[in-house]
Amino acid sequence: MRRLAEVSGRCLALLALKVLVALLVALPVLVLLRLNGVVLFPALLVLVFAGRRMADVSRRLQGRWAGVEIVRPYLPRPALEPTAQSWYWTGYDYHHSRLWAAVSSWFNWVLRDPATWRDLAWMVLDPAVGTILLAPAVLGWARPFRWHARWTRALLSPTDQAKLTARVRELAETRTEALDAQAAELERIERDLHDGAQARLIAVGLSLSLAQQQLRHDPDAVEELLAEARATAADALRTLRDLVHGIRPPVLSERGLVDALRLLGLEHPLAVTVEAELPGRLPPALESAVYFATAELLVNVTKHAHARAVRVRLEHRRGTLRVAVTDDGVGGADPARGTGIQGIQRRLRPFDGTVDLDSPPAGPTVATLEVPCALSSPRTSTC
Amino acid sequence: MRVVLAEDLYLLRNGIERLLRGHGFDVVATVDNGPDLLAALLEHRPDVAVIDIRLPPSQTDEGLRAALARREVPGLPVLILSQYVQQLYARELLAHGSGVGYLLKDRVLDTDEFVDAVRRVAAGGTAIDPEVIAQLLTPDRAPAGLTARELDVLALMAQGLSNATVAQRLSLSEGSVSKYTTQIFAKLGLIPSPDTHRRVMAVLAYLNRIDTSTT
């Protein structure tokens, strides 16, 4: 009985929304019939603006009530590009005035987006079609309610082409990010080598050539120089070791992600339990990304959580790799503050991975990394 | 003393071989990859094997795995050399019984100490790199309640050094070192043992706060 009342109530709410949409569509028509064309323009603006709001509300309601998730299809608003000659490029035309550039950019953005026209089609058709579909559902019949949800999705979700366009844009962004990160990394390595091992090896060479000169005249000085050369060589080795560890920890190459995480747990100042199982190896690039992301999460725990114990859990289920880092600290961590989580996000984005932070006040805090990935058998990588 | 040496880099293999021969070791075979190593161990049955952890063909931990596959050559003392040292491998090696060593390659620069470590391992002792111990004895992990001197003794003891060597390194008498070790073991609540390998195991297990035999 309650279920029936619920379905009927939702139907009535949706029908009320359709009345609003119908009124909105009627507005420019009335304007055209009663007033002149000049007022038509603002009326159309209202139609587009309010239309998007109505469509958004419909999408949300279908997701919440009918379990049919509908993705927002609109293109992102392009930014204005100022040129060197103090003009503005909208992506389609140049303008001298910033205001006109903004107006032109806005119109191009809205009118060239197929989603705008599909919204319009929906606004015209839905008050009739949607009402017919929904009418039997008012009596509590659930099936037409779902038909209605599918009808809404047909017009309000992005087309396949729009989905592909969005995906291409996302890939282009992550590719740029990945290449930038790689370039920055190479620069860091170059600098570290230059200031570290290279400089020390030069010092070793200098000590040795000095020793060679002194060999006949001053054996004591030679002994001192040789000791110095040996110490500097040992130092060069140490800096190289640190550098390599930062590029790719050797245990990752030798043993893979599971043992690398175990070692991370052993080296951590807090008590870290690592529960990890993985039947095969991951591709090296992904192993690295997940390793450094987890290391970063563990550093965050030491810095902010005031925790005593940490649990790291790694599992691979249904084509998704999941690493959960749970601590018993103070909680209340805000991912928007600080750059730690954003750095991790950037690391995982090229793999379509995500990081999620659940940190209620008083804890416990759970940070979860998720990366879609087919596990490869040892020695092959197909991800 | 008969030694088998496994190292894939020619310069290092040659250098270590010369160094060992110079100190009176009989290097019976030198190899540069995992499968050859196993064959050489089976053929020569040396007193000790000095093995680079990373060997062809896999360039992973081939050397360590060959060393851990000691069922084929029971009780063979093994000294593992590595460009890096990690606690994880140290624990695995130690769990396999006595006569094990795990050192940074840099240690060959200090000839006397290196040769001493090879001899110690060959005699069934233990040689753990100071770097591994340093990783375990960081300020936020070191056991509380020990004096600075006791921490020094603990660090050397954990490397597998005998009381005599610890005494020599710290310029103490052997008697006072053995007094220190008794105090340390009492403070940590461990059972003292004259066997250096068991002593290492006890200390490492304590520092890890985990039972080393579970890995």
Side-chain angles (χ1 to χ4, degrees), chain A residues 197 200 204 226-276 281 284 287 291 298-299 301-303 306-309 378-380, chain B residues 11-12 15 34 52-68 80-92 103-114 129-142 204-205 207-212 214-215:
Chain A
R200 283 173 179 79
V204 171
L226 288 179
E228 204 179 291
R230 210 177 75 180
T232 317
D235 214 27
L237 275 174
R238 199 159 36 246
T239 60
L240 278 177
R241 208 160 33 232
D242 290 347
L243 179 64
V244 169
H245 199 90
I247 299 171
R248 185 173 163 84
V251 68
L252 208 51
S253 312
E254 289 161 4
R255 293 287 184 84
L257 188 57
V258 172
D259 274 355
L261 291 184
R262 286 213 178 100
L263 185 61
L264 209 54
L266 283 174
E267 286 172 350
H268 200 264
L270 300 174
V272 180
T273 24
V274 179
E275 299 161 29
R281 283 289 290 264
E287 268 184 347
Y291 173 87
L298 285 175
V299 169
V301 171
T302 3
K303 270 203 238 156
H306 304 288
R308 270 173 303 144
R379 307 213 181 274
T380 58
Chain B
L11 274 177
L12 272 175
D52 178 9
I53 193 166
R54 210 186 262 210
L55 287 177
S58 69
Q59 287 293 358
T60 60
D61 57 346
E62 193 91 16
L64 180 64
R65 271 183 280 149
L68 292 179
I80 297 284
L81 293 179
S82 173
Q83 211 69 267
Y84 314 89
V85 286
Q86 1 230 16
Q87 298 174 41
L88 197 70
Y89 297 169
R91 288 150 51 102
E92 289 176 4
L103 295 179
L104 271 179
K105 279 190 184 169
D106 314 14
R107 304 299 167 209
V108 300
L109 295 179
D110 197 329
T111 324
D112 292 340
E113 271 186 40
F114 176 67
D129 198 276
E131 179 89 21
V132 176
I133 309 304
Q135 285 171 13
L136 293 170
L137 280 175
T138 52
D140 47 349
R141 290 187 153 212
L204 292 189
L207 291 177
N208 278 318
R209 292 171 187 81
I210 306 166
D211 186 0
T212 16
T214 56
T215 42

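Lettering follows sequence order; numbering is per chain, from 1.
A distance of 9.5 Å separates CG in L237(A) from OH in Y84(B), rounded to the nearest 0.5 Å. One finds the CD atom of Q86(B) at 10.0 Å from the CG atom of D259(A) (value rounded to the nearest 0.5 Å). How far CZ of R238(A) is from CD of E131(B): 8.0 Å, rounded to the nearest 0.5 Å.
Among L109(B), I53(B), D110(B), the residue with the largest count of heavy-atom pairs under 4.5 Å with chain A is L109(B).
Shown here for Q83(B) and R241(A), the closest heavy-atom pair between the two residues is O-CD, 2.8 Å.
Under the side chain to side chain contact (heavy atoms under 4.5 Å, CB included) rule, L88(B) has a single partner from E267(A), R262(A), E254(A), which is R262(A).
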